[in-house]
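In what follows, a single structure is set out as C-alpha cells and then discussed.
Start at 1 and go down the list; that is how both ligands and their atoms are numbered.
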Amino acid sequence: MHRPHKLTILLLLLALAAGTLCACSPFDVASDVAVTSDTAEDLVTVGFSQLGSESAWRTANTKSVQDTLTTENGFFLMYDNARQLQDQQIKALRSFISQRVDAIVFCPVAEDGWETVLGEAKEAGVPVIALDRNIVSKDQPLLTAFLGEDMRTEGVKAGTWLEKELKKQGREDEDIQIAVLEGTEGSSATEGRSEGFLAIASRHQNWHFTAQASGEFTRAKGKEVMKRFLSEFSDIDVVIAQNDDMALGALEAIESAGRLYDAEGEKMILISYDGCKEALEAVTNGEIDLDVECNPLSGPKLKTLIENILAGRSYSAVNYMPEKIFTRENVDQYLDSRMY
Ligand code: GZL
C-alpha cells in the first residue's frame, strides 16, 4: 500500500489545527482531525478530484463522498474542485500521485484525454477509481474500478417511457418534434443518455430531432438555450433535458413564453434526468412528465470499494448505482424523503 509521507499528513494536520492552512490551499482537508502521529499512520489517504459544482446533483455527489470518507471512518480526504476544467483535474491527479496517496477518486469531466496521467498513476502503483462518469473503453484498463451510473440505460428508459406515453395519448403515428438540451459535450453522461434514447428513437421514423444544443448541465444555460429554441421553432412537442438543472431552467423559459400548452391545449412533454427534489416537485405538479433517476449518493459504496481494493479483497471493476424513474404515478412516495 502506498503510504503518503507520514510527515506530510502530520504537517497538514498541524497546520490545520493551527489555523494556518488557508482555504486557498490547493486541497481542502478535513478540519476535525485529532493531531497525533498515530492518526496520520492509521488514515487511508484519498485524493478526490471532483469535476465541478454545476448542479444540485453534483453538490449531492460531493457531499456523499465527504460525509463518508471522514477521519472517523479512517480516511484522510484531499478534495479538489476542478470547476469543469480537465486540465485542473489532471493537475490534481498528478499532485495526488506525487503525494503518494493510497487511492485516487475522480469524476472525469470528459471521456477522453486521461491516458497519460492514468498511465503515471499506474506506474506509481496508485489505484484510481472513476466515480459517476466514465472514460473511453480503450483507457479503462488504466482504471482500477468504475462506480457510477449506467447512462445509456437511463437514455433507454426515457425513450421507452416516451413510446408508452405517446401510445397512451393516441399519438404513436403523429409527427413528434423533439428538442434536446444536452449536457457537457464529451461527457459520458451526455454520450450515454443520447445513445440510449437514440436506440429507441431510431425505431420511430415519425420522431424528429428538431433542435439539439448543450446547456452545459446548468440552469442558466438551459434557460438560455430553451429561449432560443422557442424563438426558432413554433412546433416543439417534447423537450428532453439531460439533467434537472437544465430542465428547471427550460421550464422557466417555456412558461414565460406561454408554451407549456399549445393552442389545442396539448401539453409540451418534458423529460429530465437526475431526480433532484426541486425537479420531483415539478413532476408532482405535472410540469415535468418524467424524471429518470441518476443516483449521486455513492459515498458508502465508494468507501467499501476502496477498502476492498486496498485490502486485496475481491471487488467488481464496474459498479452501478441503483436507479428508478419518477412520474406523477409514483413520485409522491419519494418526495418527502429526498435528500437532495
Ligand atoms: C450524471 C452526472 C451529471 C448529472 C448532472 O451521472 O455526471 O452531471 O446528470 C451533473 O446533473 O452535472
Would you call [X] and [Y] a salt bridge, taking side-chain N to carboxylate O under 4.0 Å as the test?
X      : Y      : answer
Lys164 : Glu172 : no
Asp289 : Arg328 : no
Glu307 : Arg313 : no
Arg203 : Glu163 : yes

TODO: Flag the pair Phe326 / Tyr334 as yes when their ring centroid distance falls below 6.0 Å, and as no otherwise.
DONE: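 Aromatic pair counts; centres sit under 6.0 Å.
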
- [ ] Would you please indicate yes or no on a ring centroid separation below 6.0 angstrom for Trp57 and Phe217?
- [x]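 Judged by ring-centre distance (under 6.0 Å), Phe217 and Trp57 do not meet the cut-off.
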
Which atoms of ligand 1 are found less than 4.0 Å from any heavy atom of [X]?
X      : value
Ser55  : 5 (C), 10 (C), 11 (O), 12 (O)
Cys294 : 1 (C), 6 (O)
Glu54  : 8 (O), 10 (C), 12 (O)
Asp274 : 4 (C), 5 (C), 9 (O), 11 (O)
Met151 : 1 (C), 6 (O)
Asp132 : 1 (C), 2 (C), 6 (O), 7 (O)
Asn243 : 5 (C), 9 (O), 11 (O)

Open item on the list: What I want to know is whether Arg58 and ligand 1 share at least one N or O pair that is separated by under 3.5 angstrom.
Closed with: yes

- [ ] For ligand 1, find out whether one of its N or O atoms is nearer than 3.5 Å to an N or O atom of Asp245.
- [x]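 No; every N/O pair is 3.5 Å or more apart.
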
TODO: Please work out whether the ring planes of Phe233 and Phe229 are parallel, tilted or perpendicular, with thresholds of 30° and 60°.
DONE: perpendicular

Task: Whether Phe197 and Trp207 hold their rings parallel, tilted or perpendicular, with breakpoints at 30° and 60° - done: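 Answer is parallel, since the angle falls under 30°.
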
- [ ] Look at atom 8 (O) of ligand 1 and find which of Arg133, Met246, Glu149, Glu154 reaches it with the closest heavy atom.
- [x]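 Answer by nearest heavy atom: Arg133.
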
TODO: With heavy atoms only and a cut-off of under 4.0 Å, state how Arg193 meets ligand 1: side chain, backbone, both or neither.
DONE: side chain

